[in-house]
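What follows is a short report on a single structure.
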Amino acid sequence: MADARASSASSAASPTFDEIFCGLLPRLYRRAVMLAGSRQSAEDVVHEAYLKLAARPQRFLAHPEPYAYAFTTVLNVARDAYRKDRRQVLVDGLEGVEEAGAGGGAGGVPGGAPGGWDGGVERRQSEIEAVRLLGKLSHRQAGIVILVDLDGYTIDQAAKIMKVHRGTAARHRARALARLRAYLVESEHGQAGR
């Protein structure tokens with residue numbers, strides 16, 4: 001009986017693999033959607049990452065920053081899935097989503113009403129646009145942008161997480177931001193012509 005109490009006390013003191021991973025799930029899902037492009041693909045990516053990490057939980061638990069370790073695994077799984085899908089059939093899956101989102105979802109409520117709540121339509125459209133733009137970048141570029149510009153890591157930390165040199169990470173980020181700016185300028189000119 002004393003052994004059972006001692007083992008339960010020690011398990012309460014140190015969190016388990018599942019507890020830590022489950023705590024990271026919402027954040028990992030949000031980032032996986034940005035990398036994979038759709039919610040269903042993101043769920044598959046996070047599930048695959050879980051299986052890879054669960055095979056060696058001691059490495060995950062020993063890492064000083066579990067989110068960074070899990071994000072790197074998610075990034076690798078997303079890249080592998082992208083490469084696998086690219087070999088099969090090239091399909092642009094966001095065209096249907098954009099057309100559905102452009103219809104004004106919440107009963108035609110205008111999204112530009114100042115101070116008015118639009119039911120989250122404008123936020124959802126901006127999320128879809130962010131996913132679309134990140135999808136035009138390489139996985140490494142998208143990963144650096146997510147880590148530095150969305151998650152708040154420094155270039156040095158992001159380089160360490162992605163296991164590249166600091167200069168390589170900075171170059172990937174600079175190229176990614178330049179490409180994103182070019183896409184935005186291109187889309188603004190396209191909208192101004194309409």
Requested in this report: Locate the shortest heavy-atom distance separating Gly143 from Leu75; write the atom from each residue and the value.
Outcome: CA-CD1, 4.2 Å
Report task. Name all residues meeting the side chain to side chain donor-acceptor pair (under 3.5 Å) criterion together with Tyr29; count only those two or more places apart in sequence or in a different chain, and write none if there are none. Result -> none
Query raised in the report: Any side-chain heavy atom of Arg31 sitting closer than 4.5 Å to one from Tyr67?
Result: yes
Query raised in the report: For Val74 and Ala49, which heavy atoms make the closest approach, and how far apart are they?
Result: CG2-CB, 3.7 Å
Report summary line: Contacts of Glu43 meeting side chain to side chain donor-acceptor pair (under 3.5 Å) (sequence neighbours excluded), chain-then-number -> none
Query - Set of residues satisfying side chain to side chain donor-acceptor pair (under 3.5 Å) with respect to Asn76, sequence neighbours excluded - result: Arg79
Query - Separation between CD1 of Ile20 and CG of Leu53, rounded to the nearest 0.5 Å - result: 11.5 Å
Report summary line: Across all chains, not counting sequence neighbours, the side chain to side chain donor-acceptor pair (under 3.5 Å) partners of Arg56 are none
Query raised in the report: Passes side chain to side chain contact (heavy atoms under 4.5 Å, CB included), Asp151 versus Arg27? Steps please.
Result: CA-CA 10 Å; Asp151 288 340; Arg27 194 171 173 192; 3.8 Å; yes
Kindly list each side-chain donor-acceptor pair under 3.5 angstrom involving residues 159-171, sequence neighbours excluded, with atom names and distances?
unit_1 : atom_1 : unit_2 : atom_2 : d
His165 : ND1    : Gly167 : N      : 3.0
Arg166 : NE     : Asp156 : OD1    : 2.7

Report task. Return yes when atom CZ of Arg39 has more than 12 non-hydrogen atoms of other residues, nucleotides or ligands closer than 6.0 Å, and no otherwise. Result -> no
**Report entry** Nearest heavy-atom neighbours spanning Ala32 and Val46
**Finding:** CB-CG2, 3.7 Å
**Report entry** Pairwise distance CD(Gln141) to NE2(His172) - rounded to 0.5 angstrom
**Finding:** 7.0 Å
Requested in this report: Just grab all the ring-ring contact (aromatic ring centres under 6.0 Å, His included) pairs involving residues 43-66, residues at least two apart or on different chains.
Outcome: Phe17-Tyr50, Phe17-Phe60, Phe21-Tyr50, His63-Tyr69
Query - Atom pair CD/CD of Gln125 and Glu129 - distance to nearest 0.5 Å - result: 9.5 Å
Requested in this report: Output the distance between atom CE (Met34) and atom CG (Leu133), rounded to the nearest 0.5 Å.
Outcome: 11.0 Å
Query raised in the report: Say you draw a straight line from CD1 of Ile146 to CZ of Arg30; how long is it, rounded to the nearest 0.5 Å?
Result: 11.5 Å
Report task. Determine whether Leu134 and Leu35 make a side-chain contact, defined as any pair of heavy atoms from C-beta on separated by less than 4.5 Å. Result -> no
Requested in this report: Report the residues that fulfil side-chain contact (heavy atoms from CB on, under 4.5 Å) with Gln157, sequence neighbours left out, ordered by chain and then residue number.
Outcome: Tyr153, Thr154
Query raised in the report: Mind checking whether Leu51 and Glu48 have side chains closer than 4.5 Å, heavy atoms only?
Result: yes
Query raised in the report: Is it true that a side-chain atom of Glu19 and a backbone atom of Thr16 form a donor plus acceptor pair closer than 3.5 Å?
Result: yes
Query raised in the report: Which salt bridge (Lys or Arg N to Asp or Glu O under 4.0 Å) pairs, counting each pair once, include a residue from residues 67-78, with sequence neighbours left out?
Result: none
Query raised in the report: When rounded to the nearest 0.5 angstrom, what is the spacing between OG in Ser138 and CZ in Arg175?
Result: 10.0 Å
Requested in this report: Mind checking salt bridge (charged side-chain N to carboxylate O under 4.0 Å, His left out) for Asp149 and listing every partner two or more places apart, or none if nothing turns up?
Outcome: Arg173
